[in-house]
Chemist: 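Pasting a structure here, questions to come.
No hydrogens, no waters, no symmetry mates; every other heavy atom, side chains included, goes into these values.
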Amino acid sequence: GVIGINIYLQSSIKVVEVVEYAKSGVKFKYPKNWQETPVIDKLTRIIPKNTISSSLTPEFSITIDELFQSETLGDYTKFSIQQIEALGKNAKIIKSGQIQLAETQGYQVVYQFRDNVHKVNFQEMQVWIVNGKKAYILTYRAEDKSYPEFAKTVEETIIKSFKLEKYRSEQSTNSIW
């Protein structure tokens, strides 16, 4: 209806002020009203400012999966979807398909899962790309009820701007022999 169009127009006109992240061979832009928070097991974790950092905070994070051998996006996707399905009845895939990042094709899965520890339903968007022996996993996760609030921002601003630094690509690591 007309209301839907109106809301869409308003949200697409709003310009998001961004900060650029460029470390460890990856580059992306994220909203100025988000902040990086220290994290041990991930490359980075970014959360909206003015939110109390807890396991329930909406967050965007990046992890790097070191692979035993070079894999195609298709192989890695098959493996990753099996991992999600292995969560059993606690997880349900809502959306799955290819997605365009800044310079490369990736794969996106959105799924809901139940955190039985906190008794909360989460929704998670995972996007991954494969480069040689590394898979880069971009994850946006939030409680079901707060997921929609930042999902579009994460997808349009962060994921669409994500790219690997050129010097990290395969061509530059070939030896001269």
Side-chain angles (χ1 to χ4, degrees), residues 7-8 10-66 76-77 79-97 99-102 106-130 134-164:
I7 290 166
Y8 175 75
Q10 286 172 351
S11 64
S12 61
I13 291 165
K14 205 173 84 184
V15 177
V16 180
E17 282 192 66
V18 295
V19 178
E20 181 158 81
Y21 175 99
K23 290 180 211 159
S24 309
V26 304
K27 258 188 176 173
F28 62 88
K29 294 176 171 69
Y30 65 92
K32 233 182 186 150
N33 59 353
W34 285 50
Q35 66 192 6
E36 216 183 325
T37 59
V39 66
I40 298 161
D41 57 342
K42 298 176 170 80
L43 182 64
T44 186
R45 176 177 183 253
I46 295 168
I47 63 169
K49 285 180 182 166
N50 310 323
T51 51
I52 293 116
S53 185
S54 77
S55 57
L56 304 179
T57 307
E59 65 169 33
F60 172 79
S61 63
I62 297 178
T63 47
I64 298 177
D65 204 352
E66 301 284 346
Y76 190 78
T77 294
F79 164 78
S80 298
I81 288 176
Q82 283 169 352
Q83 298 290 100
I84 295 167
E85 288 169 344
L87 297 169
K89 64 177 179 9
N90 282 338
K92 181 178 151 228
I93 294 176
I94 302 165
K95 181 180 167 187
S96 172
I99 186 171
Q100 185 62 43
L101 287 77
Y107 199 87
Q108 178 188 55
V109 173
V110 178
Y111 64 99
Q112 288 171 319
F113 68 96
R114 174 102 181 130
D115 180 333
N116 290 324
V117 178
H118 298 98
K119 307 264 185 282
V120 173
N121 289 324
F122 278 97
Q123 203 159 317
E124 192 161 289
M125 174 198 305
Q126 280 196 349
V127 173
W128 51 78
I129 62 167
V130 176
K134 284 185 175 163
Y136 295 82
I137 302 107
L138 287 55
T139 304
Y140 164 58
R141 149 192 183 155
E143 262 187 277
D144 251 3
K145 60 178 189 260
S146 50
Y147 179 90
E149 192 182 339
F150 304 109
K152 192 172 184 217
T153 301
V154 168
E155 202 167 333
E156 298 294 321
T157 306
I158 304 178
I159 291 170
K160 293 251 159 76
S161 69
F162 182 88
K163 58 183 170 194
L164 300 177

Chemist: Do the non-hydrogen side-chain atoms of Glu124 and Val109 ever get within less than 4.5 Å of each other?
Modeler: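 When only atoms from C-beta onward are counted, Val109 and Glu124 do not touch, as no gap falls below 4.5 Å.
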Chemist: Quick one: OG1 on Thr153 to CG on Asn33, what's the gap to the nearest 0.5 Å?
Modeler: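 Here the interatomic distance stands at 8.0 Å.
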Chemist: To the nearest 0.5 Å, what is the distance between CD1 on Ile62 and CD1 on Ile46?
Modeler: 6.5 Å
Chemist: For Pro58 and Pro48, which heavy atoms make the closest approach, and how far apart are they?
Modeler: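 In this case the closest contact between Pro58 and Pro48 is O-CD, 3.2 Å.
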Chemist: Suppose we screen for salt bridge (charged side-chain N to carboxylate O under 4.0 Å, His left out). Which residues come up paired with Glu85, at least two apart in sequence or across chains?
Modeler: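 Salt bridge (charged side-chain N to carboxylate O under 4.0 Å, His left out) check on Glu85 returns nothing, list empty.
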Chemist: Using modelled atom types only, decide if a donor and an acceptor are shared between the side chain of Ser161 and the backbone of Lys29 within a distance under 3.5 Å.
Modeler: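 Pair found, side chain donor or acceptor close to backbone of Lys29.
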Chemist: Parallel under 30°, tilted from 30 to 60°, perpendicular over 60°: which one fits the rings of Phe28 and Tyr21?
Modeler: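 Parallel: the ring planes of Phe28 and Tyr21 meet at under 30°.
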Chemist: Name all residues meeting the side chain to side chain contact (heavy atoms under 4.5 Å, CB included) criterion together with Gln83; count only those two or more places apart in sequence or in a different chain, and write none if there are none.
Modeler: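 With sequence neighbours excluded, Gln83 shows a side chain to side chain contact (heavy atoms under 4.5 Å, CB included) to Phe79, given in chain and number order.
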Chemist: Is there a side-chain contact between Ile99 and Ile159 in this structure, where contact means two heavy atoms from C-beta onward sitting under 4.5 Å apart?
Modeler: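 Counting from C-beta outward, Ile99 and Ile159 do come under 4.5 Å.
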Chemist: Give the minimum heavy-atom separation between Ala91 and Ile84, together with the two atoms involved.
Modeler: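 Heavy atoms only, the tightest pair is CB-O, 3.8 Å.
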Chemist: Quick one: does any side-chain atom of Asn116 pair with a main-chain N or O of Lys119 as donor and acceptor, under 3.5 Å?
Modeler: no
Chemist: Could you pull out the closest heavy-atom pair between Thr63 and Asp41, with the gap in Å?
Modeler: CG2-O, 4.0 Å
Chemist: Show the numbers, then the answer: is there a side-chain contact (heavy atoms from CB on, under 4.5 Å) between Ile47 and Gln35?
Modeler: CA-CA 6 Å; Ile47 63 169; Gln35 66 192 6; 4.2 Å; yes
Chemist: Counting N and O atoms only, with roles assigned by atom type, does the side chain of Tyr111 sit under 3.5 Å from a partner on the main chain of Gln126, one being a donor and the other an acceptor?
Modeler: no
Chemist: How many angstroms lie between atom CD of Glu143 and atom CG of Asn121, to the nearest 0.5 angstrom?
Modeler: 9.0 Å
Chemist: Checking Leu138 against Trp128 for the side-chain contact (heavy atoms from CB on, under 4.5 Å) test, could you report, in this order, the C-alpha distance in whole Å, the side-chain angles of both residues, the deciding distance, and whether it holds?
Modeler: CA-CA 6 Å; Leu138 287 55; Trp128 51 78; over 6 Å; no
Chemist: Could you check whether Glu59 pairs with Arg45 (Lys NZ or Arg NE/NH1/NH2 to Asp/Glu carboxylate O, under 4.0 Å)?
Modeler: yes
Chemist: Do Met125 and Thr139 have side-chain heavy atoms sitting under 4.5 Å apart?
Modeler: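 No, too far: nothing below the 4.5 Å cut-off.
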Chemist: What distance do Gln82 atom CD and Leu87 atom CG have between them, rounded to the nearest 0.5 Å?
Modeler: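 Result: 12.5 Å between the selected atoms.
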Chemist: Measuring only between side-chain heavy atoms, which start at C-beta, is Val120 closer than 4.5 Å to Leu56?
Modeler: yes
Chemist: For Glu155 and Lys95, work out which heavy atoms get closest and say how close.
Modeler: OE2-NZ, 4.0 Å
Chemist: Does the plane of the ring in Phe113 sit parallel, tilted or perpendicular to the ring in Phe122? Use 30° and 60° as the thresholds.
Modeler: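 Phe113 vs Phe122 ring planes: parallel.
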Chemist: State the CD1-CD1 distance between Ile137 and Ile129, to the nearest 0.5 angstrom.
Modeler: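 It comes to 10.0 Å.
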Chemist: Closest approach of Ala135 and Tyr76, non-hydrogen atoms and distance?
Modeler: CB-CZ, 3.5 Å
Chemist: Is there a donor-acceptor contact under 3.5 Å from the side chain of Lys23 to the main chain of Thr44?
Modeler: no
Chemist: Assess whether side-chain contact (heavy atoms from CB on, under 4.5 Å) is satisfied between Glu66 and Lys134, documenting all intermediate values.
Modeler: CA-CA 5 Å; Glu66 301 284 346; Lys134 284 185 175 163; 3.3 Å; yes
Chemist: Is the shortest side-chain heavy-atom distance between Thr77 and Ser80 below 4.5 Å?
Modeler: no
Chemist: Please check if the number of heavy atoms outside Lys145 that lie under 6.0 Å from its NZ is greater than 12.
Modeler: no
Chemist: Under 6.0 Å between the ring centres of Tyr147 and Tyr140?
Modeler: yes
Chemist: Is there side-chain contact between Leu164 and Tyr136, with at least one heavy-atom pair below 4.5 Å?
Modeler: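 Yes, at least one pair of side-chain atoms sits under 4.5 Å.
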Chemist: Determine whether Ile158 and Pro31 make a side-chain contact, defined as any pair of heavy atoms from C-beta on separated by less than 4.5 Å.
Modeler: yes
Chemist: Could you work out, with ring pair (Phe, Tyr, Trp, His ring centres under 6.0 Å) as the rule, every residue matching Phe162, not counting sequence neighbours?
Modeler: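 Residues passing ring pair (Phe, Tyr, Trp, His ring centres under 6.0 Å) with Phe162: none at all.
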Chemist: If you measure from NZ on Lys92 to CG on Asn90, what distance do you get to the nearest 0.5 Å?
Modeler: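 Rounded to the nearest 0.5 Å, the NZ-CG separation comes out at 13.0 Å.
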Chemist: Could you check whether any side-chain N or O of Lys160 sits under 3.5 Å from a backbone N or O of Thr157, counting only pairs where one atom can act as donor and the other as acceptor?
Modeler: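 No; zero donor-acceptor contacts below 3.5 Å.
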Chemist: Between Val110 and Ser96, is there a side-chain heavy-atom distance shorter than 4.5 Å?
Modeler: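 Sidechains of Val110 and Ser96: no contact.
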